[in-house]
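Data block below; observations after.
For reference, positions follow the sequence shown, starting with 1. Keep in mind that what you see is a predicted model, and the values were worked out from it rather than measured. FYI, side chains are in, hydrogens and waters are out, and symmetry mates aren't considered; it's all heavy atoms of this structure.
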Amino acid sequence: MDKTLSLQQSVMQDVVSLMGDNVAMRKLQAFLKTLKKERAEELDTISKEEVMDDLREAFKELKMVKEGKLKLKTWEEFKHELHC
């Protein structure tokens with residue numbers, strides 16, 4: 001936790017040191033917008049990868065059901081699982 005706080009303080013000090021320089025502040029603002037966009041895209045990519053992994057797993061299970069290697073749950077079993 002101390003490292004995080006120290007990093008936050010250091011970043012804030014750097015930002016404060018640029019407060020009087022409008023050109024530097026505009027550059028910082030543009031950089032932050034880019035950084036936020038990249039971060040959002042990373043989160044979207046992670047979500048897409050997770051969905052694809054879940055779909056792959058579902059298709060594997062479906063194949064196992066068709067082959068008789070896996071038994072499907074009844075509606076009651078599934079409903080109970082959702083409530084727990």
Side-chain angles (χ1 to χ4, degrees):
M1 189 70 107
D2 288 341
K3 289 182 181 182
T4 301
L5 187 57
S6 177
L7 177 61
Q8 290 172 350
Q9 289 173 339
S10 176
V11 169
M12 292 304 295
Q13 287 173 346
D14 289 341
V15 171
V16 168
S17 72
L18 300 174
M19 293 296 270
D21 187 345
N22 285 340
V23 173
M25 290 297 289
R26 284 190 190 101
K27 288 180 182 180
L28 177 60
Q29 185 179 35
F31 173 75
L32 291 173
K33 284 181 183 178
T34 302
L35 184 61
K36 286 168 40 175
K37 182 179 176 183
E38 288 174 4
R39 184 169 183 255
E41 289 172 357
E42 284 178 13
L43 293 175
D44 286 346
T45 301
I46 290 169
S47 297
K48 289 176 188 175
E49 289 173 7
E50 289 174 351
V51 168
M52 292 303 293
D53 288 343
D54 289 345
L55 285 172
R56 283 186 197 97
E57 183 65 28
F59 286 124
K60 284 179 187 176
E61 288 180 12
L62 182 59
K63 182 179 177 185
M64 291 174 70
V65 168
K66 286 183 176 182
E67 294 171 348
K69 297 177 181 177
L70 186 66
K71 182 183 166 226
L72 288 176
K73 294 178 183 174
T74 66
W75 170 247
E76 291 301 320
E77 291 170 331
F78 180 70
K79 196 167 63 171
H80 177 71
E81 185 177 308
L82 291 176
H83 287 93
C84 293

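Thr74 meets the side chain to side chain contact (heavy atoms under 4.5 Å, CB included) test with Glu76, Glu77; sequence neighbours excluded. When the side chain to side chain contact (heavy atoms under 4.5 Å, CB included) test is applied to Gln8, the partners found at least two apart in sequence or on another chain are Thr4, Leu5. For the side chain to side chain contact (heavy atoms under 4.5 Å, CB included) test, residues two or more places apart in sequence or in another chain that qualify with Phe78 are Trp75, Leu82. The side chain to side chain contact (heavy atoms under 4.5 Å, CB included) test applied to Gln13 returns no partner, not counting sequence neighbours.
Using a distance-only test at 3.5 Å, with no hydrogens or angles considered, no donor-acceptor pair links the side chain of Ser10 to the main chain of Leu7.
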For a quick test of your reading: what N or O donor-acceptor pairs under 3.5 Å do the side chains of residues 46-62 make, sequence neighbours left out?
{"from": "Ser47", "atom 1": "OG", "to": "Leu43", "atom 2": "O", "distance (Å)": "3.0"}
{"from": "Asp53", "atom 1": "OD1", "to": "Arg56", "atom 2": "NH1", "distance (Å)": "3.0"}

Quick one: side chains of residues 18-42, donor-acceptor pairs under 3.5 Å with protein atoms, not counting sequence neighbours, listed by atom name and distance.
{"from": "Asp21", "atom 1": "OD1", "to": "Val23", "atom 2": "N", "distance (Å)": "3.2"}
{"from": "Asp21", "atom 1": "OD1", "to": "Ala24", "atom 2": "N", "distance (Å)": "3.2"}
{"from": "Thr34", "atom 1": "OG1", "to": "Ala30", "atom 2": "O", "distance (Å)": "3.1"}

Anything under 3.5 Å between a donor and an acceptor, one on a side chain of residues 63-73, the other on a protein residue two or more places apart or in another chain? List them.
{"from": "Glu67", "atom 1": "OE1", "to": "Lys69", "atom 2": "NZ", "distance (Å)": "3.3"}
{"from": "Lys73", "atom 1": "NZ", "to": "Glu81", "atom 2": "OE1", "distance (Å)": "2.1"}
{"from": "Lys73", "atom 1": "NZ", "to": "Glu81", "atom 2": "OE2", "distance (Å)": "3.4"}

